[in-house]
Undergrad: 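Have a look at this one.
We're numbering straight along the sequence, starting at 1.
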Amino acid sequence: MIGTCARPGRGGGRRFAGDRRGAIALIAALAAPAVLMSVALGIEVAHWSAVQIETQRIADMAAIGGGAAWVAYPKEKPAAAAPCTTPSQACVAAVAAADVAAVNGAGATSTPSWSWNAGNTVGTLQDNMVTVVVSTASAGAGLKKSGDPIVKVTVQQAVPLAFARLFKAASTETLQASAVSEIAASGGGTWAGPQPCLAALSPTGTGITAAYANGNNTGYAVITATGCSVRSNANISAGSTDWNTDGIYAAGTVAIPSWATDQANGGGNITPQANAGTIPDPYASNAAVQQAFTNATTATGPTINCGNTLYCGLPASASASNNGSYCTTAPYPGNGSPATCTLMPGNYSGINITSGGPFTLNLQPGLYVFNGNINVASSVTINGSGVTVILASGKTLTGGASFTLNLSAPDTATAQSYGGIAGIALATSSAATTNTCGMGGTLVFCGNSNVTVDGVIYAPNATFNTAGSTTTTGCTELLAGSVSLGVGSYFNGTFSDNNNDCTTLGAASFGSTYQTAGGTSTASLVQ
């Protein structure tokens, strides 16, 4: 019997070729590094997510801490310390926020920086990878309510890269988180003390200065505030010897001569209230004023250009194309002939009167919006009854020597009939500065100017500056960012004028000090 003999290897080879285990092993061996890298990268990304969550937690806690410091500031009034060399509610809140971030692991330095924006309404603290931005009530940045202050904290964390470095050149990945705390007072706050008729609202700088030529009784500026007070959210430095005021209040220091007397107190010594906290801007949430500021930025209209232009660039009779404004008499350059112009309410590109005249501009009742500078030389008179003048942001008003400004704000009935804003005679959101007659400011009046205003001059970001024998009189409430009264200037503001106080015109009623109602001011995360 002849048997069969399988050829060695053929059947076994076929069996091996049909077995895929070797191929899978090979594929697994080749894929293992990629799989391990993917797992490692996934772990690294998960670590980033954990760090991101932690960074957000730090930002949230820091924002709440900054808001709490803002609320506590009026009672605690911390002393000056870097970077808050001049303590302010905003700077102290920013430092507190940065400190909370540092305690919770954010990198900090020993030399954080603090700075204000041009209008002193928004402050920024930078400390390594922590940025704190504090917007005051004047900035209108509140997310729930435009007049609420906010504290925004941004925290960055650098995370070392391991496996991710295979895909990017950097050795670290920067993660960032932000949080916003808004400060709101339940039921508002409580005003106390006499109403200010001279107030500097900026929390930085000197606040109010009233110069004097030397240390005796000559060449000084005089501040008279009848039936009202003088108030600064920063400091007060005044050389006036003769006061007539119901009080002097400052968030910082008050430096006045030892020989200064208070005529409202029978000529006795003045006892100023230093470290009296800050007061909020009483018009920050006034819808009519804030809307007028917004509208002014895009306003267009004719320019009143006197000096070398016949009829000051206006027609000789009413013209609708010029808001109905006209000049009844025309100036002829070079011969000093007088000119009288009647201005009607509306939008204007500015007023420019640099020579010639004398000129008289009579403003009819209503709202006047200027999206350009008001620049008038000497021998110019501007009169207006029932008038509100709005100056756009970035613009300035300058009055030369012997300039006369007579304005009275509309009361509620006049504002409803003719336009304008009840109680407001002159207002601007501008922080721009012009240099005139040797001094700078937003609202500048040179020597021998006479400013008579019944109502409110509201310029929360502006510098109000006078020189020479400038005199301000009337039922005047001057609310500026800062106020500087030069040698020989007289501020004769009074809350009462001919037995009528400014509130009869519709001016806001407020006091020299402000406390949140029952300590109910709260800070809460809103973003």
Undergrad: Donor-acceptor pair, distance only, cut-off 3.5 Å: does the side chain of N371 make one with the backbone of A299?
TA: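 Between the backbone of A299 and the side chain of N371 there is a qualifying donor-acceptor contact (under 3.5 Å).
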Undergrad: Is there a donor-acceptor pair under 3.5 Å between the side chain of D127 and the backbone N or O of V130?
TA: no
Undergrad: Check whether any side-chain heavy atom of T131 sits under 4.5 Å from a side-chain heavy atom of V153, and report yes or no.
TA: no
Undergrad: Could you report the tightest heavy-atom contact between A296 and I390, atom names first, then the distance?
TA: CB-CG2, 4.1 Å
Undergrad: Yes or no on side chain to side chain donor-acceptor pair (under 3.5 Å) for T434 and T398, after CA distance, side-chain angles and deciding distance?
TA: CA-CA 8 Å; T434 185; T398 59; 5.4 Å; no
Undergrad: Find the distance between OG1 (T124) and NZ (K152) and round it off to the nearest 0.5 Å.
TA: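 NZ of K152 is found 10.5 Å from OG1 of T124.
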Undergrad: Could you tell me whether a side-chain N or O of N373 sits under 3.5 Å from a main-chain N or O of N375, the two making a donor and an acceptor?
TA: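 Checked: no pair found.
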Undergrad: Taking the side chain from T513 and the backbone from A192, do they hold a donor-acceptor pair closer than 3.5 Å?
TA: yes
Undergrad: Identify the heavy atoms of W191 and G511 that sit nearest to each other, and give their distance.
TA: CE3-N, 3.1 Å
Undergrad: What are the two closest heavy atoms between F510 and P196, and how far apart are they?
TA: CE1-CD, 3.4 Å
Undergrad: Are any non-hydrogen side-chain atoms of Q176 and T55 less than 4.5 angstrom apart?
TA: no
Undergrad: Between N233 (side chain) and L201 (backbone), is there a donor-acceptor pair under 3.5 Å?
TA: yes
Undergrad: Below 4.5 Å, heavy atoms only, C-beta onward: do I457 and L443 meet side chain to side chain?
TA: yes
Undergrad: Got L397 and F445 here, is their nearest side-chain heavy-atom distance under 4.5 Å?
TA: yes
Undergrad: Could you pull out the closest heavy-atom pair between S232 and G207, with the gap in Å?
TA: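 Result for this residue pair: OG-CA, 3.5 Å.
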Undergrad: Side chains of I208 and V230: does their closest heavy-atom pair fall under 4.5 Å?
TA: yes
Undergrad: Is the W114 ring parallel, tilted or perpendicular to the W116 ring (thresholds 30°, 60°)?
TA: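 Judged by the thresholds at 30° and 60°, the geometry between W114 and W116 is perpendicular.
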Undergrad: The test is side chain to side chain donor-acceptor pair (under 3.5 Å); show your working for S229 and S512 and say whether it passes.
TA: CA-CA 7 Å; S229 65; S512 296; 2.6 Å; yes
Undergrad: Mark yes or no for whether Q290, through its side chain, and S285, through its backbone, hold a donor-acceptor pair below 3.5 Å.
TA: no
Undergrad: Determine the minimum heavy-atom distance between G277 and A251, stating which atoms define it.
TA: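 Of all heavy-atom pairs spanning G277 and A251, the closest is O-CB, 3.2 Å.
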Undergrad: Ignoring hydrogens and geometry, is there a side-chain-to-backbone donor-acceptor pair from T442 to A462 under 3.5 Å?
TA: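 Checking the backbone N and O of A462 against the side chain of T442, no donor-acceptor pair under 3.5 Å is found.
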Undergrad: Is any side-chain heavy atom of S393 closer than 4.5 Å to one of S429?
TA: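 Yes; the side chains approach each other to less than 4.5 Å.
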Undergrad: Show, in sequence, the C-alpha distance, side-chain angles and deciding distance for D281 and Y458, and conclude whether the side chain to side chain donor-acceptor pair (under 3.5 Å) test is met.
TA: CA-CA 10 Å; D281 181 345; Y458 174 61; 2.6 Å; yes
Undergrad: Side chain of Q56, backbone of S178: donor and acceptor closer than 3.5 Å?
TA: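 Yes; at least one donor-acceptor contact below 3.5 Å.
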Undergrad: So if I apply the side chain to side chain donor-acceptor pair (under 3.5 Å) rule between T463 and each of S430, S482, S484, which one comes out positive?
TA: S482
Undergrad: Using every non-hydrogen atom in the two residues, find where A415 and A422 come nearest and quote the distance to one decimal.
TA: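 It is CB-N, 3.9 Å.
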Undergrad: Would a 4.5 Å heavy-atom cut-off, applied to side chains only, mark P149 and E182 as touching?
TA: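 Of all side-chain heavy-atom pairs linking E182 with P149, none is under 4.5 Å.
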Undergrad: Checking side-chain polar atoms at under 3.5 Å, does S113 have a donor or acceptor matched by the opposite partner on Q126?
TA: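 Not at all, the side chains of S113 and Q126 share no donor-acceptor pair under 3.5 Å.
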Undergrad: Given side chains that start at C-beta, do those of T209 and L485 come closer than 4.5 Å, heavy atoms only?
TA: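 Contact flag for T209/L485 side chains = no.
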